[in-house]
Amino acid sequence: MFRTLDDVDVSGKRVLVRVDLNVPVENGRVSDLTRIERVAPTISEVADKGGKVILLSHFGRPKGRDAAQSLKPVAPAIANVLKRPVAFADDCVGDPAMVAVEAMKAGDVLCLENTRFHPGETRNDPDFATQLAALGDIFVNDAFSAAHRAHASVEGLARRLPAYAGRSMQDELEALTKILQTPIRPLAAIVGGAKVSTKLDLLGSLLAKVDVLLIGGGMANTFLAARGYSVGKSLCERDLLPTAREIMDKGTAKGREIVLPVDAVVAKRFEANAPSRVVAADGIGDDEMILDIGPRSIEYVCSVLARVETLVWNGPFGAFELEPFDTATVEIAEAAAELTAAGKIKSVAGGGDTVAALNAAGAADRFTYVSTAGGAFLEWLEGKALPGVEVLRVSSRPK
Ligand code: AMP
């Protein structure tokens with residue numbers, strides 16, 4: 001249970017709202033408004049209820065003050081989405097921020113400069129968090145995508161003011177909690193992507209929860225090699241073969257079904273439209289590399305989806321940026337989207353590449369929930385406590 005905007009009267013209060021304004025800016029203009037649109041309902045709700053909305057966000061990874069990573073061009077884009085004026089202050093603490101906040105009236109919106117212009121932000125420096133807290137009466141966090149970081153505007157600040165989840169944070173927490181904490185079984189997980197090494201924690205945590213683990217992408221090659229298949233020139237982490245064997249043994253001991261590709265699309269070069277052929281998993285040539293799973297594997301994955309109730313998906317099945325090696329990802333995404341739309345499964349997907357792949361497949365909007373929070377989504381799936389979320393729990397000490 002988390003504290004939300006339903007638990008607080010914001011009227012007349014200075015409300016520090018942590019958002020994620022890491023939007024793409026090209027030639028001083030915001031080229032994709034998605035992240036702003038996600039937090040707009042929270043901002044509008046607080047403003048409509050007579051709160052003074054003070055927006056806080058990091059932007060990029062500046063080392064100190066850096067005009068190229070200023071939030072200044074983002075403020076007018078927020079104003080356009082909200083259809084109300086948005087003021088801007090040149091700093092997120094100190095006089096510029098204080099003066100701008102003091103000038104605010106009920107319902108006003110103010111955007112403060114990039115929190116990462118101060119080294120205290122990423123260090124979660126207590127003095128910096130206290131300076132931020134001085135600007136507000138309450139804190140609302142609407143940035144799930146930053147919740148895995150114990151930074152001052154995410155964690156330290158929440159310890160200094162009464163803290164609540166904003167609406168987009170609330171949506172994300174409700175969706176992820178419902179589907180993952182108490183899943184309707186059978187539960188299947190797709191783990192794809194390039195490497196096993198970056199997903200060891202994920203595999204461990206999912207094996208504890210899922211009934212079926214579907215492994216795809218470059219990481220499946222390491223598992224195939226661990227089973228004794230020759231994978232030619234494919235991406236393969238040879239040093240992790242014992243780890244892959246251990247994961248499979250553990251899964252089998254727990255009664256999990258672990259599914260590896262039975263066939264593959266192979267090519268001699270890692271490039272779009274490279275000449276390719278379909279081959280069984282035991283027929284890969286020494287000079288070939290696996291770039292996608294094959295048609296029999298796709299069919300099997302789809303048959304698994306047809307017999308489960310819940311699907312969690314992270315990572316593509318193949319090198320989906322290169323046509324036609326996006327085939328498996330696109331076809332399986334479509335199958336999952338159709339089953340979801342027909343009310344047969346619940347589906348949650350997340351992670352940067354996965355969202356890009358599902359969007360390219362035109363499937364994302366039919367999933368039950370798609371999380372755009374890359375790192376935070378993965379850490380949540382890994383079963384890790386997110387510092388920015390823990391401080392919003394009803395059981396955490398209220399102010
Ligand atoms: P990740 O960020 O770990 O989810 O990995 C996504 C990346 O994995 C994408 O860039 C894909 O191109 C890459 N990938 C997926 N399958 C393969 C494969 N069989 N060989 C090489 N790269 C792959």
Side-chain angles (χ1 to χ4, degrees), residues 145 148 189-206 213-227 229-238 240 243-244 247 259-281 283-298 301 311-333 348-361 364 370-382:
S145 53
H148 57 313
I190 294 171
V191 183
K195 291 183 171 179
V196 180
S197 49
T198 58
K199 299 206 176 163
L200 282 174
D201 287 348
L202 180 63
L203 288 165
S205 141
L206 286 175
L213 184 62
L214 301 153
I215 300 180
M219 59 187 291
N221 307 341
T222 303
F223 282 90
L224 287 173
R227 281 209 178 149
Y229 291 98
S230 150
V231 296
K233 281 200 306 174
S234 304
L235 179 65
C236 177
E237 292 168 286
R238 303 231 158 247
L240 287 179
T243 312
I247 290 171
V259 177
L260 292 180
V262 291
D263 59 352
V265 181
V266 295
K268 292 187 180 167
R269 292 194 305 273
F270 188 84
E271 59 187 43
N273 302 310
S276 60
R277 67 178 186 122
V278 171
V279 61
I284 295 155
D286 289 345
D287 58 346
E288 292 178 317
M289 65 182 101
I290 303 174
L291 292 181
D292 201 4
I293 66 169
R296 279 179 50 226
S297 308
I298 297 177
V301 171
L311 170 68
V312 176
W313 184 341
N314 173 263
F317 277 98
F320 77 100
E321 304 94 333
L322 310 176
E323 274 186 37
F325 309 110
D326 58 346
T327 303
T329 304
V330 169
E331 287 188 9
I332 295 166
V348 176
D353 277 323
T354 313
V355 179
L358 296 187
N359 277 331
V370 175
S371 174
T372 51
F377 174 77
L378 270 185
E379 289 199 19
W380 177 284
L381 266 195
E382 287 164 6

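Indexing begins at 1, ligand by ligand and atom by atom, following the structure's order.
Atom numbering of ligand 1 starts at 1 in the shown order; those under 4.0 Å from a heavy atom of G193 are 1 (P), 3 (O), 4 (O), 5 (O), 6 (C), 8 (O). The atoms of ligand 1 that sit less than 4.0 Å from any heavy atom of K199 are 1 (P), 3 (O), 4 (O). Of all the atoms in ligand 1, the ones that sit under 4.0 Å from a non-hydrogen atom of I290 are 18 (C), 19 (N), 20 (N). The distance from ligand 1 to the heavy atoms of E321 drops below 4.0 Å at these ligand atoms: 9 (C), 10 (O), 11 (C), 12 (O). The D353 neighbourhood of ligand 1 comprises atoms 1 (P), 2 (O), 5 (O), 6 (C), 7 (C), with distances under 4.0 Å to a heavy atom of that residue.
Remark: E379 CD to S205 OG distance equals 11.5 Å, nearest 0.5 Å.
Scanning both residues, A189 and L206, for their nearest heavy atoms gives CB-CD1, 3.9 Å. The shortest non-hydrogen separation linking L224 to P261 is CD2-O, 3.7 Å. V265 approaches I293 most closely through the heavy-atom pair CG2-O, 3.7 Å.
In terms of modelled atom types and a separation under 3.5 Å, the side chain of E237 and the main chain of V196 share a donor-acceptor contact.
Within the structure, ligand 1 has G318 among the residues with a heavy atom less than 4.0 angstrom away.
Between T198 and ligand 1, not a single N/O pair is under 3.5 Å apart. Between F270 and ligand 1, no pair of N/O atoms sits closer than 3.5 Å.
In terms of protein heavy-atom proximity, atom 23 (C) of ligand 1 is closest to G218 N, 4.0 Å. For atom 8 (O) of ligand 1, the closest non-hydrogen atom on the protein side is A194 N, 3.1 Å.
Taking a 6.0 Å sphere around NZ of K233, one finds it holds more than 12 heavy atoms contributed by other residues, nucleotides or ligands. Atom CD of E323 sits in a sparse spot, with 12 or fewer heavy atoms from other residues, nucleotides or ligands closer than 6.0 Å.
Shown here are the salt bridge (charged side-chain N to carboxylate O under 4.0 Å, His left out) partners of D286, two or more places apart in sequence or in another chain: there are none.
Residue contacts with ligand 1, taken as heavy atom pairs separated by less than 4.0 Å, do not involve M289 at all. Contacts with ligand 1 closer than 4.0 Å are made by no heavy atom of M219, backbone or side chain.
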